[in-house]
Amino acid sequence: MVLMLLVVACYTVCGLSDKYSVAKLKFDGNSFTFLMALPTAVLLLPLMPFSDMHLQLCWQSVLAAVLIMVSKLLEFKMSALVLTEMSAFELKAWLGLCLFASYATDIITATDTFSVLKLLAIVVTAVGLFMIARSEREHISYKKIAVPLFFYLLSKFGYGFIITASAPYISSYFALLFGLILLAAVLVPFVHPIRLIKDKPKGCAFVALTKIPNALGLVLENAVIATSMTNYSFIQPMIMVALFFIGLIRKESTKPLNIIGSIVCISGIAAFQIFGLI
C-alpha cells in the first residue's frame with residue numbers, strides 16, 4: 001500500500017504539470033509524447049543502481065520493449081481522442097474495468113487467490129468510479145470514441161501484463177527504458193526535436209524537469225506490478241480521488257454525485273487492501 005501511495009503522489013504531481021504543459025504551453029500530441037518519453041528515459045538512468053537489471057539477449061526481451069513502446073504510444077494517442085468527448089475524470093473512471101481483468105490475471109498466474117470479499121471490494125470501487133463518471137457529463141457520444149476508448153483501456157492493462165509476462169527475460173526497468181527510447185526514436189521524424197527546442201526552449205525545459213516525478217513513479221509502479229496486477233490497476237482510480245480532493249482544496253465546484261462516488265471508491269480500495277491482510 002505504501003508503494004501505491006508513493007506512485008499516486010508522483011503521478012498526481014506529474015499530472016498537474018502535464019495539464020499545464022498542454023493547456024498553457026500548447027504542445028501538440030507528438031511533441032508532448034516525445035518530451036515525455038525521452039526525458040523520462042534519461043531520468044531513469046540515475047535510478048539504475050536501485051533497480052532490477054536482469055536481461056537476456058533473446059527475442060522475448062526485444063518483443064517486450066517493442067510492446068511497451070506500443071502500449072505507451074496507444075495510451076497517449078487514444079487518450080487524446082477520448083478526451084474530446086469526456087473529461088479526464090471520466091476517462092480514469094473507465095479504468096475501473098481494468099480492475100476485473102487484472103484480478104483475473106492475478107488469479108490465473110497464482111499471484112493471488114480468489115476471494116468473494118476482494119471481488120466485492122472491486123465491485124464497490126467500480127461503482128464509485130461509475131458514479132464519478134456520471135457526475136461529470138450527462139451525454140457522451142460513445143459511438144465516436146468506442147474504439148479509442150477500447151484501445152486506451154487495452155494499453156493500460158497491457159502495460160502491466162507485458163511487464164509481468166516478460167519478467168523471466170527482461171527486468172521491468174530495462175523493458176521500460178528501452179520502450180521509451182524506441183518511442184522517442186519513432187517520433188523524431190514527426191517532431192523535429194532541434195526545431196522544437198529552438199521554438200520553445202523554456203517550455204521544453206519545463207516539461208523535461210517535470211518528468212522527474214514521472215520517472216520515479218514509473219519505477220515504483222513497476223514494483224507494484226511485480227506484487228499484484230490488481231494493485232497496479234488501483235493506482236489510476238487513486239490518482240483520480242487525489243485530484244478530486246485537490247479540487248476541493250482549491251474550492252472548485254463539485255457535484256454531490258462526485259463526492260459520493262469518491263467516498264465509495266475510497267471505501268472499495270481500502271476494503272481490498274484490508275481483505276488482502278485477512
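Since the structure is predicted, the reported quantities are computational estimates derived from the model, not experimental observations.
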Do you know the tightest heavy-atom contact between [X] and [Y]?
{"X": "Leu220", "Y": "Leu6", "result": "CD1-CB, 3.8 Å"}
{"X": "Leu183", "Y": "Leu73", "result": "CD1-CD1, 3.7 Å"}
{"X": "Ala184", "Y": "Leu38", "result": "CB-CB, 4.0 Å"}
{"X": "Val224", "Y": "Tyr232", "result": "CG1-N, 3.7 Å"}
{"X": "Lys211", "Y": "Pro39", "result": "CG-CB, 4.1 Å"}
{"X": "Ala64", "Y": "Ile170", "result": "CB-CG2, 3.9 Å"}

ILVMFWY network linking [X] to [Y], side-chain heavy atoms under 4.5 angstrom:
{"X": "Met229", "Y": "Leu3", "result": "yes"}
{"X": "Ile212", "Y": "Val42", "result": "no"}
{"X": "Leu99", "Y": "Ile108", "result": "no"}
{"X": "Met48", "Y": "Val219", "result": "yes"}
{"X": "Leu209", "Y": "Leu47", "result": "no"}

| field | Ser228: side-chain contact (heavy atoms from CB on, under 4.5 Å) partners, not counting sequence neighbours | value |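 Ser228: side-chain contact (heavy atoms from CB on, under 4.5 Å) contacts with Asp106, Thr230, Asn231.
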
| query | Among all residues two or more places apart in sequence or in another chain, which pass the side-chain contact (heavy atoms from CB on, under 4.5 Å) test with Ile197? | reply |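 Ile197 satisfies side-chain contact (heavy atoms from CB on, under 4.5 Å) with Cys204 only.
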
| field | ring-ring contact (aromatic ring centres under 6.0 Å, His included) pairs, two or more places apart, involving residues 170-200 | value |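 Every ring-ring contact (aromatic ring centres under 6.0 Å, His included) pair that includes a residue of residues 170-200, provided the two are not neighbours, is Phe174-Phe178.
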
[X] vs [Y] side-chain heavy atoms within contact, under 4.5 Å:
{"X": "Val124", "Y": "Val264", "value": "yes"}
{"X": "Pro193", "Y": "Val188", "value": "yes"}
{"X": "Leu177", "Y": "Leu45", "value": "yes"}
{"X": "Lys72", "Y": "Met36", "value": "no"}
{"X": "Met131", "Y": "Ile260", "value": "yes"}
{"X": "Ile68", "Y": "Leu180", "value": "no"}
{"X": "Leu176", "Y": "Leu44", "value": "yes"}

Does atom [atom1] of [X] have more than 12 heavy-atom neighbours, drawn from other residues, nucleotides or ligands, at distances under 6.0 Å?
{"X": "Ile194", "atom1": "CD1", "result": "no"}
{"X": "Phe161", "atom1": "CZ", "result": "no"}
{"X": "Phe151", "atom1": "CZ", "result": "no"}

Spell out, as yes or no, whether a donor-acceptor pair under 3.5 Å connects the side chain of [X] to the backbone of [Y].
{"X": "Gln56", "Y": "Pro168", "answer": "yes"}
{"X": "Ser102", "Y": "Ser233", "answer": "no"}
{"X": "Ser61", "Y": "Leu57", "answer": "no"}

From [atom1] ([X]) to [atom2] ([Y]), nearest 0.5 Å:
{"X": "Ile162", "Y": "Ile225", "atom1": "CD1", "atom2": "CD1", "result": "10.0 Å"}
{"X": "Tyr169", "Y": "Gln60", "atom1": "OH", "atom2": "CD", "result": "4.5 Å"}
{"X": "Tyr152", "Y": "Phe157", "atom1": "OH", "atom2": "CZ", "result": "15.0 Å"}
{"X": "Ser172", "Y": "Tyr159", "atom1": "OG", "atom2": "OH", "result": "7.0 Å"}
{"X": "Leu35", "Y": "Leu196", "atom1": "CG", "atom2": "CG", "result": "5.0 Å"}
{"X": "Ser166", "Y": "Leu67", "atom1": "OG", "atom2": "CG", "result": "8.5 Å"}

| field | Trace of the side chain to side chain contact (heavy atoms under 4.5 Å, CB included) decision for Leu149 with Met78 | value | CA-CA 7 Å; Leu149 180 59; Met78 295 302 102; over 6 Å; no

| task | Kindly indicate whether a cation-pi arrangement holds for Lys118 with Phe272, taking the cut-offs as under 6.0 Å to the six-membered ring centre and within 45° of the axis. | result |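 Output yes; distance and angle both within limits.
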
| said: I'd like to know whether Leu154 forms a side chain to side chain contact (heavy atoms under 4.5 Å, CB included) with Leu74, so could you lay out the CA-CA distance, the side-chain angles of the two residues, the decisive distance to 0.1 Å, and finally the verdict. | reply: CA-CA 9 Å; Leu154 181 64; Leu74 274 178; 5.5 Å; no

| said: Between Tyr103 and Ser115, does the side chain to side chain contact (heavy atoms under 4.5 Å, CB included) criterion hold? Intermediate values first, please. | reply: CA-CA 10 Å; Tyr103 187 46; Ser115 165; 3.8 Å; yes

